[in-house]
Amino acid sequence: MRRFYGVRLETPLMLGTAQYPSPAVLEAAFRGSKASVATVSLRREAGKGQAFWQIIRSLGVHVLPNTAGCHSAQEAVTTARMAREMFETNWIKLEVIGHADTLQPDPFGLLEATETLAADGFEVFPYTTEDQVLAGRLLAAGAQVLMPWGAPIGSGLGLNNRYGLKMLRAAFPDVPMVIDAGLGLPSHAADAMELGFDAVLLNTAVAQAGDPVAMARAFGLAVQAGALARGADPMEPREMAVPSTPVLGKAWL
Amino acid sequence: MKIEVNGAVRDVQGATVAGVLAELGWGEARVAIALNGAFVPKAARATMAVTEGDRLEVLAPMQGG
């Protein structure tokens, strides 16, 4: 696995902390999935923030704060600065949302915020599309990791543009990349790992499953399987059948 | 004086960000602060003045994806 700003993760799974039925289920899901990173956010203090922070600390995983819900570069930059102080990390999952229905990244605001934050010492994980031109600009702006979407946040559609993601992976072979958002099933996560991505980030698929802990475990196994398969150099698909049982020595009947 | 704290109007006495936070029971809490849309680092809380009509955002760690 490529390193994320010098950090080698123990497992290629990043898990969100939202929408679980209870804090106990959240904790069990993290244990079951063996996720190595937890994403968190900043919201107005309404009495539950301090207890939540204790839960996150007890998980013993890397913390990746997000700028979820920000619709402008300025809003995202301010949120990132607050997050850095709060969570004591330079990591920031940079979301600048451009559209309310698709929650699609705003490429222009994302680039602007990446430039500002990278210059300010942040280690930016930009939530982006599979667009190669934008990816190149984000890297030039100082991002050393990319987080292309699989599909719109919370949609569970999997890898919506598999071709585009494959091309992105091939275009920047040395850049650590995380498939972030839109995964619904462990097979989607395995697929992402088989395509050569370094990790996946998901939340809803686990938190909203009927049995979040079992689903967390399934995703943990899927990313392991996918990474193992990628390392094992998969065969090339072929159009025609090729017998696997030896033809030589078949009886004349 | 009246200021807005997390979107609600509050009547406070403190003259600085640190003073207002202590007054509202957040003196020791793990929170991050913005005043009128700009981040106020922890080290600046004691000197940053709060005036009538200011908007104070007091943010805490929260669930996120």
Side-chain angles (χ1 to χ4, degrees), chain A residues 14-20 23 26 38-57 63-69 72 74-75 77-88 93 95 103 120 127 153-154 180-183 201-208, chain B:
Chain A
M14 304 184 178
L15 195 56
T17 56
Q19 303 178 330
Y20 291 84
L26 183 155
T39 55
V40 293
S41 74
L42 280 181
R43 288 292 180 262
R44 286 173 168 174
E45 173 60 293
K48 291 186 172 168
Q50 311 303 310
F52 175 69
W53 176 238
Q54 293 308 320
I55 293 171
I56 295 304
R57 286 186 63 170
V63 171
L64 177 59
N66 70 25
T67 62
S72 71
Q74 173 262 326
E75 208 184 351
V77 166
T78 303
T79 304
R81 291 191 169 131
M82 296 174 86
R84 174 160 67 179
E85 183 184 87
M86 174 86 77
F87 297 109
E88 296 168 14
K93 177 186 159 183
E95 289 183 40
L103 299 180
D120 193 15
Y127 168 60
I153 296 170
D180 175 17
L183 302 186
L201 196 169
L202 55 116
N203 190 155
T204 311
V206 164
Q208 297 285 292
Chain B
M1 65 183 165
K2 286 192 167 56
I3 64 167
E4 215 177 272
V5 180
N6 286 350
V9 177
R10 303 286 295 262
D11 209 339
V12 297
Q13 306 303 316
T16 62
V17 169
V20 172
L21 288 177
E23 195 180 329
L24 297 176
W26 285 317
E28 305 298 319
R30 197 176 187 90
V31 288
I33 303 300
L35 185 65
N36 300 321
F39 170 50
V40 180
K42 213 167 184 180
R45 287 181 194 172
T47 50
M48 181 70 72
V50 175
T51 54
E52 177 88 25
D54 276 355
R55 282 186 305 110
L56 190 70
E57 293 284 344
V58 182
L59 304 190
M62 211 59 69
Q63 290 83 352

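Every heavy atom of this structure was used, including side-chain atoms; hydrogens, water molecules and symmetry mates were not. Every chain is numbered from 1, with letters handed out A, B, ... down the list of sequences.
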Output for pair (B:W26 CH2, A:Q50 CD), nearest 0.5 Å, gives 10.0 Å
Please determine whether a side-chain nitrogen of the Lys or Arg among B:R45 and A:E85 lies less than 4.0 Å from a carboxylate oxygen of the Asp or Glu.
yes
When every non-hydrogen atom of B:M62 is compared with those of A:T17, the smallest separation belongs to O-OG1, 4.5 Å
When the 4.5 angstrom heavy-atom criterion is applied to A:E75 and chain B, the contacting part is neither
Nearest heavy-atom contact between A:A18 and B:G65 is CB-N, 4.5 Å
Q. Ignoring hydrogens and geometry, is there a side-chain-to-backbone donor-acceptor pair from A:S41 to B:Q63 under 3.5 Å?
A. yes
On a heavy-atom basis, the closest approach of A:G49 and B:A60 is CA-CB, 3.9 Å
From the list A:M86, A:E45, A:Q54, side-chain contact (heavy atoms from CB on, under 4.5 Å) with B:R30 holds only for A:M86
- prompt: Should we count CD of B:E52 as having more than 12 external heavy atoms under 6.0 Å?
  reply: yes
